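Quick notes on the structure that follows.
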Amino acid sequence: MTARAIIIGAPRSGSGKTSVTIGILRALARRGLKVRGAKSGPDYIDPGFHTAATGLSGVNLDSWAMPPSLLNALAGQAADDADFVILESAMGLFDGIPAPQGRTGSAADLARLYGLPVLLVLDVSGQSTTAAAVAKGFATYDPDVRMAGVVLNRLGSERHRRLSGDAIEAIGLPVVGAILRDPTLSLPERHLGLVQAGEYQNLMAHLDRLADMAEKSLDLDAIMALATPLVPAAGDFGDALPPPGQRIALAEDAAFTFVYPHVAAHWHKAGAEIVPFSPLADEAPDDSCDVCWLPGGYPELHAGRLAAATNFRAGMARFAATKPIHGECGGFMVLGEALEDAAGDTHPMLGLLGHSTSFARRKMNLGYREARLRAACPLGAEGTLIRGHEFHYAQMTATGNDEPLADLADGQGNPLGASGYRRGHVSGTFFHAIARG
C-alpha cells in the first residue's frame, strides 16, 4: 500500500511550518508509524531534520529542477515504504518562478500534480479575525489546490484562539491545531538557513520537545485523516545525476555538508561506493578512489582550520594530478587560491583553481540555474544540460585565468554568462546541481 500524504504550507517563510512539520514527523514516528519527510524546492538543511525525526531519509521534490519522470520516481519511492509522507513547502505555498504550468518550483505544483491536500500554518500574531481573510484567500486562489485544514501558530491567549479560530471555521475550514507563542520551540538560524541537524549536541531532545508540542497543540488524528494517498504516475531515474565515478571520495564534515539525499541515494543505487573523508580532521581523499567531490557547506566558518590542514592540502594536490575533483559552492571556494572570512582575515586555500572569494564582502546570490557544460567534468559530458540553483553570500574577489566550466542561465532561460572554472582534472562552480535538464 502506498503512503498517505499531506503538504504543510504557509503564506511565507518564518510562519513556523518547519517546526510544525518536524513536530508532526517526530510525534508520528514515536507512535510507531513509518513516516517520511519531503521538502519542495532546493533545500539541503530541512531534510536533515526530517531524517533525524523519523529515521527515514528525507527527500527533495522540485518541480522546476527535476524533469517530471524523475520527480514521479522520487515521489513514488518516498511513498513505497512509508505510512505517511509529510511534505513541507519552501517559502510561501504558491511561491515559485514564472514557468510553464506545473514547473514553477512551488509546493502548489505538487499539490496539483498529486492531488494532495494542504495543511495551512498561519502565524496569527498581531491579528485575530483577519486570519480568516488570509485563509479564505488561500482557499479560493487556485481551485486545484485544496486547503484541508488550518494550524494557528503563535497565539497569545485562549481568547486569541477563539477569535481567529472561530472566524476561520465560519468560512468552512477546520482548525486542527492551535500553538501558543513559545520562543523555545524556534530553531536557531544563520546566513543560509537553520543551523544544521548534525550540529546539535541535544538534537533529539529538541525534536522531542517539538513532538510534545504537536501532541499537545495539534489534533494529529484529524491531520492524518486529512491526508490522501500519494500515487504518482510511473517515473524513472534517467535524468538523475549519474555517479561521477565508481569510488567517490566525498568531503563530509561541518564545512562540507550540502549533498542532496536523492543524489547520494542514486549514486549508491547505481553501484557507486561513497568514501567519506573529513578535511577539518586533516584527512585526504582515499587514493584508491577515482573521483573526489567537495560539496557545499560552511568553509567560511572554518577557513583557518582548512588552511592549516596540511595533510588534506597535500592529498588534494596529489589526487588532482591524475584524477578528477569537483567542487560545488563552498567546495568551489576551497578549490581557489584564498578565502576571506567574515572578520576580514584571508586564508590560503588549495590553489587548484585560480580564483579567490570573500565572505566579508557579502552579497546574496539566490535562484534557479541552468548550466550547459563547456567541457566534460564529474557533472557530465561536454554539452550536458544541468538544472540546479545558487544560494550563497560569498563574492568572487579574483577570477584567475582558468577556463570557464559552463554557460549559465537563470530559471527563465535568461543568459548569465560563463560560470565556474576548470583546470586540468579540477572543476568547480558556485552552482549546485540537482538533476539533468
Side-chain angles (χ1 to χ4, degrees), residues 42 44 60 62 64-67 70 97 99 103 105 238-245 248 250-251 256 258-260 262-263 266-267 291-297 299 320 323-337 349-357 363-437:
Y44 286 98
N60 293 82
D62 193 312
W64 182 87
M66 296 172 177
L70 176 59
I97 65 169
R103 298 297 305 274
D239 290 314
L241 295 174
I248 304 164
L250 178 69
F256 301 95
F258 293 163
V259 178
Y260 279 116
H262 74 275
V263 171
H266 181 68
W267 289 352
V291 65
C292 178
W293 191 278
L294 299 184
K323 299 174 183 178
I325 295 174
H326 183 73
E328 286 192 335
C329 201
F332 172 59
M333 293 161 65
V334 173
L335 287 174
E337 289 286 347
M349 292 290 105
L350 294 172
L352 299 176
L353 294 173
H355 63 283
S356 295
T357 53
K363 179 182 179 183
M364 187 174 74
N365 293 268
L366 173 66
Y368 280 126
R369 301 289 184 261
E370 192 168 65
R372 178 80 67 179
L373 299 179
R374 290 192 180 187
C377 73
L379 286 175
E382 179 182 354
T384 299
L385 191 66
I386 305 289
R387 280 193 163 189
H389 69 104
E390 279 189 71
F391 185 18
H392 60 91
Y393 286 84
Q395 289 198 73
M396 198 97 67
T397 55
T399 58
N401 298 306
D402 299 315
E403 293 293 321
L405 178 64
D407 293 306
L408 206 64
D410 67 14
Q412 296 175 263
N414 300 308
L416 298 174
S419 174
Y421 297 110
R422 56 189 172 91
R423 180 201 299 174
H425 298 287
V426 180
S427 60
T429 175
F430 273 124
F431 167 82
H432 294 275
I434 293 177
R436 292 196 286 198

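Only a predicted model underlies this, so the values are computations on that prediction, with no experimental measurement involved.
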Problem - Trp64 side chain to Tyr368 backbone, donor-acceptor under 3.5 Å - result: no

Practice task
Identify, with sequence neighbours excluded, every residue that meets side chain to side chain donor-acceptor pair (under 3.5 Å) alongside Asn414.
Solution key: Asp410

Problem - Main-chain N/O of Ile434 paired to His262 side chain as donor or acceptor, under 3.5 Å - result: yes

Handout entry: Where at least one partner belongs to residues 388-409, residue pairs that pass salt bridge (charged side-chain N to carboxylate O under 4.0 Å, His left out), sequence neighbours excluded
Key = Arg369-Glu390, Arg374-Asp407, Asp402-Arg423

Practice task
Check side-chain contact (heavy atoms from CB on, under 4.5 Å) between Ala251 and all other residues, then give those that pass, not counting sequence neighbours.
Solution key: Phe256, Phe277, Pro279, Leu294, Pro295

Completion exercise
For Val426 and Ala320 the tightest heavy-atom approach is CG2-CB, 3.7 Å

Handout entry: Any residue meeting side-chain contact (heavy atoms from CB on, under 4.5 Å) with His355, in chain and number order, not counting sequence neighbours
Key = Phe332, Leu353, Thr357, Met396, Tyr421

Problem - Sequence-distant partners of His389, side chain to side chain donor-acceptor pair (under 3.5 Å), two or more places apart - result: Tyr260

Problem - side chain to side chain donor-acceptor pair (under 3.5 Å) partners for Asn60, two or more places apart - result: none

Practice task
Report the residues that fulfil side chain to side chain donor-acceptor pair (under 3.5 Å) with Glu328, sequence neighbours left out, ordered by chain and then residue number.
Solution key: none

Exercise for the section: Scan residues 411-421 for pairs that pass salt bridge (charged side-chain N to carboxylate O under 4.0 Å, His left out), counting only residues two or more places apart or in two chains. Expected result: none

Exercise for the section: Please round to the nearest 0.5 Å and tell me the distance separating atom CD1 of Ile386 and atom CG of Asp239. Expected result: 9.5 Å

Fill in the blank from the handout: For residues 428-437, the side-chain hydrogen bond (donor to acceptor under 3.5 Å, both in side chains) pairs (sequence neighbours left out) are Tyr44-His432, Ser419-Thr429

Problem - side-chain hydrogen bond (donor to acceptor under 3.5 Å, both in side chains): pairs with one or both residues in residues 377-388, sequence neighbours excluded - result: Glu370-Arg387

Completion exercise
Exactly one of Pro244, Pro243, Cys377 clears side chain to side chain contact (heavy atoms under 4.5 Å, CB included) with Val291, and that residue is Pro244

Exercise for the section: With sequence neighbours excluded, tell me which residues meet ring pair (Phe, Tyr, Trp, His ring centres under 6.0 Å) with Trp293. Expected result: Trp267, His326

